[in-house]
Amino acid sequence: MSLFENTLKQINEAAEIMNLEEDILTILSHPKRIIQVSLPIRMDDGKVKVFDGFRVQHNDVAGPFKGGIRYHQQVDMEEVKALATWMTMKCSVVGIPLGGGKGGIIVDPKTLSTRELEQLTRRYINRVQHNIGPDMDVPAPDVNTNGQIMAWMTDEYMKLGNINRRGVVTGKPLECGGSEGRAAATSQGGSIVWEEIAKEKGIKPGETRVVIQGFGNAGSHMARIMGEQGYKIVGVSDSKGGVYCEEGLDAPCVLKCKVEKGTVIECESQCGSCKQITNEELITADCDILVLAALENQVTEENAANVKAKYIIELANGPVTPEADKILEKNDVLVIPDILANAGGVTVSYFELVQNEAGYYWSADKVQRRLKPIMIKAYQRVSEMMQEYKCSMRQAAFISAMDRLSVMLKTRGFE
Ligand code: GLU
C-alpha cells in the first residue's frame with residue numbers, strides 16, 4: 001500500500017465519523033497541482049547527471065501552499081502526495097492561514113559534494129520558479145534539507161525574478177531572514193502539546209523514560225528539550241542504528257558526540273553506560289514515551305503489538321501506519337498524531353513568512369510566546385473533538401482540520 005493510500009484511509013475514516021459531505025471529501029482527496037521536473041547538473045567528474053524532482057500542491061483554500069522539500073533516495077510521487085495532504089491538514093489543525101504542499105528530489109545528498117548539492121538545489125528552484133512565491137507556495141526544510149539549502153533556494157528565486165521577496169522559503173538561517181526559534185520549533189511544538197497531556201495524566205518527568213527514534217533536526221532538539229525538563233532519555237537512534245541506556249543518557253553529550261562522530265552509535269560509552277541496538281529494537285525497547293522523529297512507516301502491523309511505550313509522539317510525518325494504529329489503540333497506547341504533534345515547525349515557518357513580509361523581526365521570546373497558545377488551542381480543540389466523537393486523537397485531529405477546511409471551501413465555493 002502506498003503512503004498516499006494510507007493518508008486517504010485516515011481522511012476517509014475521519015470523514016465518516018464526522019459525517020463530512022462527500023464533495024468536500026472528494027476535493028480533499030485530490031492534490032490541486034502536481035509538478036514533476038528533470039534536474040540535470042554537471043557532477044564533479046565532468047559528466048551530466050539528471051535527477052527527478054517533485055512538487056505537489058495539495059490545497060490552498062486557507063492560504064499559499066506550504067511545506068518542506070525532502071532530499072532522499074526513496075522519494076516518490078505517492079509519498080510526496082501524502083506529505084502534501086498532511087501539510088494541508090496540519091496547517092488547519094493549528095489554524096494558520098496556509099495550505100498544504102510538499103516537494104522532493106530523489107537523491108541521497110550524502111553522496112553529493114557541496115558544489116553538486118548547491119547546483120541541484122538551484123536547478124530545482126529554476127524549474128519551479130513560476131509555481132512558488134510568498135503569495136503562492138512557500139517551501140521549507142524537511143528530511144535531509146537544512147538552512148543552507150533554504151538560503152540557496154531563496155537566493156536563486158530572488159535572482160531569477162530580480163525581486164527581494166525572501167518569504168518565498170522558510171527555515172532560512174537567521175542571517176538570510178530566518179526566524180528566531182525556527183530550528184527547534186517542531187520539537188518545541190510537540191513538547192508543548194505533550195506537556196498538556198502530561199498535566200492531565202499527572203506524569204512526572206523524573207519517573208518517565210523516553211526513547212527517541214531519529215536524531216535529525218526534530219529528534220535532536222526533542223532530546224535536548226525533554227532532557228532539560230528532567231525526563232530520562234534512555235534511547236536514541238539515527239539512520240545507522242541506536243543506543244539504549246537503562247540508566248539514562250546525557251542528551252547534550254549525545255548532541256555534541258553526534259556532530260563529532262557523525263552517528264549516535266559511536267556515543268555508546270561516552271554519554272552513559274549504553275549498549276548498541278538496531279532501529280527495529282529501539283521501537284520495542286522498554287520505555288514510557290516513544291518519540292518517532294525519523295521517517296514514515298516505522299510502527300507497522302508487524303511490530304505494533306510489541307511496543308512497550310504507553311505514549312507515542314509523532315514528530316515525523318506518518319511514522320505509524322493505519323494498521324498499527326488499530327493495534328496500538330487496542331493496547332491502550334496513546335498516539336499523539338503528526339498533524340498535531342509536529343505542527344510547531346510550520347507554525348514558526350508562518351511566523352517567519354509574516355516577519356519577512358513585514359520586514360520587522362521578533363525576539364526569540366516573542367516567537368515562544370506566540371507559538372505556545374497556538375499549540376495549546378490546537379490541542380484543546382482536538383481534545384474536544386475526541387470527546388465529542390469518541391474517537392482516537394488522530395481521527396480527532398483530522399476532524400478538527402477538515403471541519404475548518406470544509407467551512408472555507410463551502411464559503412468560497414470551489415467549482
Ligand atoms: N517539513 C516540515 C513539516 O513537515 C515543515 C514544513 C514547513 O515549515 O513549511 O511540517
Side-chain angles (χ1 to χ4, degrees), residues 3 7 54-60 62-72 75 79-105 128 132-134 136-147 149-151 153-154 166-173 177-190 193 214 216-222 292-296 313-319 336-356 367 371 374-375 378 397 401:
L3 198 63
T7 313
F54 310 100
R55 184 76 184 167
V56 173
Q57 299 177 330
H58 176 260
N59 191 279
D60 63 347
F65 302 104
K66 184 83 193 80
I69 297 180
R70 141 178 325 200
Y71 288 3
H72 197 275
V75 161
E79 181 194 40
V80 184
K81 275 162 68 180
L83 293 162
T85 311
W86 282 327
M87 285 308 303
T88 301
M89 300 296 156
K90 193 183 298 184
C91 291
S92 186
V93 167
V94 282
I96 55 176
L98 293 170
K102 200 84 171 197
I105 300 179
V128 299
I132 61 169
M136 204 190 300
D137 182 359
V138 184
D142 196 71
V143 173
N144 289 338
T145 51
N146 56 24
I149 293 175
M150 298 308 116
M153 287 184 177
T154 308
R166 55 202 63 213
V168 62
V169 167
T170 61
K172 300 179 291 292
S179 174
E180 291 284 357
R182 176 62 187 87
T186 305
S187 317
Q188 204 80 57
V193 170
N217 182 51
S220 63
H221 280 288
M222 197 62 166
L292 298 171
L295 287 168
E296 54 263 19
I313 305 176
E314 291 188 322
L315 287 188
N317 292 305
I336 300 132
D338 46 9
I339 57 171
L340 170 66
N342 72 29
V346 74
T347 302
V348 178
S349 272
Y350 164 55
F351 294 166
E352 182 174 333
L353 174 58
V354 169
Q355 292 170 76
N356 291 152
V367 170
L371 173 64
I374 291 181
M375 295 309 301

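Owing to the predicted nature of the structure, the values given are computational and were not obtained by experimental measurement. Whatever order the structure lists them in is the order used to number ligands and atoms, beginning at 1.
Between the side chain of Thr154 and the backbone N or O of Val169, no donor-acceptor pair lies under 3.5 Å.
A pairwise comparison of heavy atoms in Thr186 and Gly345 identifies OG1-CA, 3.4 Å as the closest pair.
The side-chain heavy atoms of Val138 and Leu98, taken from C-beta on, include no pair separated by under 4.5 Å.
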For residues 83-96, which side-chain donor-acceptor pairs fall under 3.5 Å, sequence neighbours excluded?
{"unit_1": "Thr85", "atom_1": "OG1", "unit_2": "Lys81", "atom_2": "O", "d": "2.7"}
{"unit_1": "Trp86", "atom_1": "NE1", "unit_2": "Gln10", "atom_2": "OE1", "d": "2.8"}
{"unit_1": "Thr88", "atom_1": "OG1", "unit_2": "His58", "atom_2": "ND1", "d": "2.7"}
{"unit_1": "Thr88", "atom_1": "OG1", "unit_2": "Gly100", "atom_2": "N", "d": "3.3"}
{"unit_1": "Lys90", "atom_1": "NZ", "unit_2": "Asn317", "atom_2": "OD1", "d": "3.0"}
{"unit_1": "Lys90", "atom_1": "NZ", "unit_2": "Asn342", "atom_2": "OD1", "d": "2.9"}
{"unit_1": "Ser92", "atom_1": "OG", "unit_2": "Ala401", "atom_2": "O", "d": "2.8"}

Identify all N/O pairs between ligand 1 and the protein with a separation under 3.5 Å and present them as a table of atom names and distances.
{"unit_1": "ligand 1", "atom_1": "1 (N)", "unit_2": "Pro141", "atom_2": "O", "d": "2.9"}
{"unit_1": "ligand 1", "atom_1": "1 (N)", "unit_2": "Asp142", "atom_2": "OD1", "d": "2.8"}
{"unit_1": "ligand 1", "atom_1": "4 (O)", "unit_2": "Lys90", "atom_2": "NZ", "d": "3.0"}
{"unit_1": "ligand 1", "atom_1": "4 (O)", "unit_2": "Lys102", "atom_2": "NZ", "d": "3.0"}
{"unit_1": "ligand 1", "atom_1": "4 (O)", "unit_2": "Asn317", "atom_2": "ND2", "d": "3.0"}
{"unit_1": "ligand 1", "atom_1": "8 (O)", "unit_2": "Arg182", "atom_2": "NH2", "d": "3.0"}
{"unit_1": "ligand 1", "atom_1": "8 (O)", "unit_2": "Ser349", "atom_2": "OG", "d": "2.6"}
{"unit_1": "ligand 1", "atom_1": "9 (O)", "unit_2": "Lys66", "atom_2": "NZ", "d": "2.7"}
{"unit_1": "ligand 1", "atom_1": "10 (O)", "unit_2": "Lys90", "atom_2": "NZ", "d": "2.7"}

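In this view, Val75 and Phe54, Arg70, His72, Glu79, Val80, Ile106 satisfy the side-chain contact (heavy atoms from CB on, under 4.5 Å) rule, not counting sequence neighbours. Residues satisfying the side chain to side chain donor-acceptor pair (under 3.5 Å) criterion with Gln355, sequence neighbours excluded, are Ser179.
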